[in-house]
Structure formats: C-alpha cells, structure tokens
Amino acid sequence: MFDRYSIAASAQQLIDHFSVDVPAHYKKYYNAGPTHLLPIITHHHPEGLSFFYWGAIPQWIKNKNISEKLINVRAETIKDKPVLKKKMMRFRCIIPSDGFYCWKKVGKKSAIPYRFFPKNKLPLSIAGLWEEFEDEQEETHHTFSIITTQSNKQIQPVNERMPLLLNKETQKVWLNKDASENELLGMLKTENTIMLDSYTVSPRIGLLSANESTLVLPSAPADQFGNLTLFD
DNA sequence: CCAGACGTTGTT
DNA sequence: GTCTGG
DNA sequence: CCAGACGTTGTT
DNA sequence: GTCTGG
C-alpha cells in the first residue's frame, strides 16, 4: 500500500514546472494522505490544478462505510481489467509531488518511515486515475487513485510497492487526450529514471492530521510507537 | 467463456 | 453498476 | 446465462 | 461444426 507523499512545492515552482495556473487557495501538504483534498492535473484540463479527494469509492459499494476507499491501482492490473482500462482511457491524471513516504517493516508490528525525494529537487509526477460520481444525495464527488508499481532496486529494501513516477516524456503521453490505448499501456511499464535520495523521517507521518513542515526533514529511525531503533 | 453434448418418441 | 467463472 | 466477485493492503 | 449448462 502506498499512502503518503508530500506536495510542498511553492506555487511558483508548480507554475514553472507544470505550466499550470495555481489558485490562491493552494496549500502545501507535508503529509498528504487518503481523504485529503489534493492538487492534481487531469488530462482534460492540463492547464490548471484540480483539487480532488484521494481515495475512490466504487459505485457498487452503495452504503458501505468510507473505509472501503481505493487509494491505489496496480499498474499490472490495469491491462487485465476492462473496467480499469476504460477508466485509463477516460480519466487520467498526474499527481504533483516533491517526495513520498514508505514504511519499512522491522518486526511483526513495527515499521519505520522513510522519505524518498528527487536529488535534483524538481517536482515529481505520479501517475493516477480520477473519477467523478454522484452519491445518494446526488452530491458530486471527485476523487483520484495513485497507480503503483513494483519497487525498483532502490526502494525494494524498504517497501514492495512504489508510486508510478512519470518522466518528462511519459508524462506528456499520459496527459495527451489523443494517446492510444497501446501507448498508455506502455506508460504503465515506465521504469523510474529519476535519481532519488532517501532518509528516515518522523513516524508522525502516520497521523493523517499531522502536517508540520518538519515532517519532510530527516529524523532518527523510529517506529510508529516512537521507539528508536538501531535497525533502519 | 468453454467443456461437453449433440437424434426421436411416448403407455394413457 | 460491470465483469467473469462455471 | 447468471451468481458472485469486483481497483488495495494490512493494525502506524 | 454449433448449442448450452454451469
């Protein structure tokens, strides 16, 4: 499961890097997680940021509680599932980020959080799918899910899965309205070429409500209970 | 979708 | 709702 | 054709 | 080969 990242780039960095308009209400998230209202860029409207909730609610779950949210879609699954392929054809987005978090298991129940971020400090583009649906009260909701893939050599020791990171070229295809199904399926196999650095961070990222700027900074390796550990 | 069947007729 | 295994 | 499953993972 | 029960 991939459930934390940060988007703490300045408005100007987003404008420069993605050529998008950034509204005044844009707010930095040092600890973006499921259910947060986060900035994404849809292929329908790549000129601006859209603010959607992280975590899709499948329409066939009528009355189930919200914990059933789907925050990830496996890249490998999309090619096999007609529903997802259709969704890929119609509802692509990228999620701007400047780093992401992964938990490394160190025991049955404890894990230590790591942060991965690009060496060149430029924003990352995470591939995603979005959806719009009406609930029973006829309220329209906009949500998105992040596409995950098998971790590469660097992240593997920490976590099995990582977000699908797009580079300049693959991002262009992903946001192209006229991209073909084959082209897009190809993007799902994008190997990460972006050089990343990593260090351990505060386990406070486990709290969805935590959002202080220091969360992105290095912190002594500690598990979610706050126990310091020598094994990182 | 695919394994497995694939014909007819009727006491009263 | 749509997809699919039997 | 239809019953039953259906994008993800695992306590942070 | 085509039809169909599961």
Side-chain angles (χ1 to χ4, degrees), chain A residues 1-6 30-36 40 52-93 95 100-116 126-136 138-151 155-156 158-164 184-185 187-188 200-212 215-216 219-229 231-232:
Chain A
M1 178 151 66
F2 171 78
D3 66 358
R4 286 294 193 287
Y5 69 95
S6 65
Y30 300 96
N31 185 30
T35 70
H36 289 155
I40 67 166
F52 289 5
Y53 290 95
W54 186 7
I57 305 165
Q59 50 287 51
W60 39 270
I61 297 190
K62 278 299 182 202
N63 279 314
K64 298 273 168 60
N65 75 47
I66 325 155
S67 69
E68 300 270 0
K69 281 182 176 162
L70 299 164
I71 61 172
N72 296 159
V73 182
R74 297 177 144 246
E76 309 90 305
T77 314
I78 296 178
K79 67 177 192 309
D80 308 325
K81 299 276 180 180
V83 189
L84 292 180
K85 233 192 277 184
K86 274 186 215 164
K87 181 168 277 185
M88 178 185 74
M89 294 312 289
R90 296 199 48 201
F91 302 101
R92 298 184 298 284
C93 63
I95 296 96
F100 57 90
Y101 305 106
C102 289
W103 293 82
K104 178 180 182 173
K105 277 195 187 162
V106 291
K108 260 210 152 71
K109 294 186 176 179
S110 66
I112 298 171
Y114 281 72
R115 173 176 173 81
F116 290 89
I126 301 174
L129 300 176
W130 63 276
E131 45 278 308
E132 170 183 298
F133 71 96
E134 274 193 0
D135 65 15
E136 292 142 328
E138 300 189 345
E139 293 276 326
T140 301
H141 297 265
H142 290 99
T143 60
F144 70 92
S145 306
I146 282 180
I147 300 177
T148 63
T149 187
Q150 178 81 39
S151 289
I155 300 169
Q156 186 78 56
V158 175
N159 202 287
E160 276 296 302
R161 310 291 303 175
M162 66 178 286
L164 181 63
L184 294 169
L185 288 173
M187 298 305 98
L188 296 176
T200 56
V201 292
S202 165
R204 275 181 55 77
I205 64 152
L207 302 171
L208 265 182
S209 56
N211 193 33
E212 59 273 19
L215 292 176
V216 302
S219 172
D223 68 18
Q224 71 272 34
F225 310 112
N227 299 320
L228 291 178
T229 170
F231 304 101
D232 62 343

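Every chain is numbered from 1 and lettered A, B, ... according to where its sequence line falls, protein lines coming before strand lines. Values below: all heavy atoms of this structure, side chains included; hydrogens, waters and symmetry mates excluded.
Using a 4.5 Å heavy-atom threshold, the side chains of A/Val73 and A/Met88 count as separate. Put simply, the side chain of A/Ile95 reaches to within 4.5 Å of the side chain of A/Tyr5, judged on heavy atoms. Residues A/Thr77 and A/Leu84 meet the side-chain proximity criterion, which asks for heavy atoms closer than 4.5 Å.
Side chain of A/His141 to backbone of A/Phe52: no donor-acceptor contact under 3.5 angstrom is found. Between the side chain of A/Asn159 and the backbone N or O of A/Trp103, at least one donor-acceptor pair lies under 3.5 Å.
Across all strands, A/Ser145 comes closer than 4.0 Å to no nucleic acid atom at all (heavy-atom distances). Residue contacts for A/Val83: at a heavy-atom cut-off of 4.0 Å it reaches the sugar-phosphate backbone alone, with no base atom in range. Residue contacts for A/Ile71: at a heavy-atom cut-off of 4.0 Å it reaches no nucleic acid atom on any strand shown.
Straight-line distance between the C1' atoms of E/dT2 and D/dG4: roughly 29 Å, to the nearest whole Å. If you take atom P in E/dT4 and the same atom in D/dA5, they sit 28 Å apart, rounded to whole Å. The separation of B/dC6 from C/dG1, taken at their P atoms, amounts to 36 Å, rounded to a whole angstrom.
Taking atom CZ of residue A/Phe133 and atom P of nucleotide C/dT2, one finds them 17 Å apart after rounding to whole Å. Distance, A/Asp80 CG to D/dC6 P: 14 Å, rounded to whole Å. Taking atom NZ of A/Lys81 as the reference point, atom P of D/dA5 lies 13 Å away to the nearest angstrom. Rounded to a whole Å, the CD1 atom of A/Ile57 is 16 Å from the C1' atom of D/dC6. Taking atom CG of A/Leu129 as the reference point, atom C1' of D/dT8 lies 14 Å away to the nearest angstrom.
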Pairs: protein N or O with nucleotides 9-12 of chain D N or O, under 3.5 Å:
residue	atom	partner	partner atom	Å
D/dT9	OP1	A/Arg74	NE	3.3
D/dT9	OP1	A/Arg74	NH2	3.4
D/dT9	OP1	A/Arg161	NE	3.3
D/dT9	OP2	A/Arg74	NE	2.7
D/dT9	OP2	A/Arg74	NH2	3.1
D/dT9	O5'	A/Met1	N	3.3
D/dT9	O3'	A/Met1	N	3.4

For DNA chain C, what string of dots and brackets results from 5' to 3' when Watson-Crick and G-U pairs need both distances under 3.5 Å, crossing pairs get [ ], and pairs with another strand get |?
||||||
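Crowding of A/Tyr53 atom OH: a count of heavy atoms from other residues, nucleotides or ligands under 6.0 Å not exceeding 12.
In terms of heavy atoms, A/Cys102 sits closest to A/Arg161 at SG-O, 4.3 Å.
With sequence neighbours excluded, the residues satisfying side chain to side chain donor-acceptor pair (under 3.5 Å) with A/Arg4 are A/Asn31.
No side-chain donor-acceptor contact under 3.5 Å links A/Ser219 and A/Arg204.
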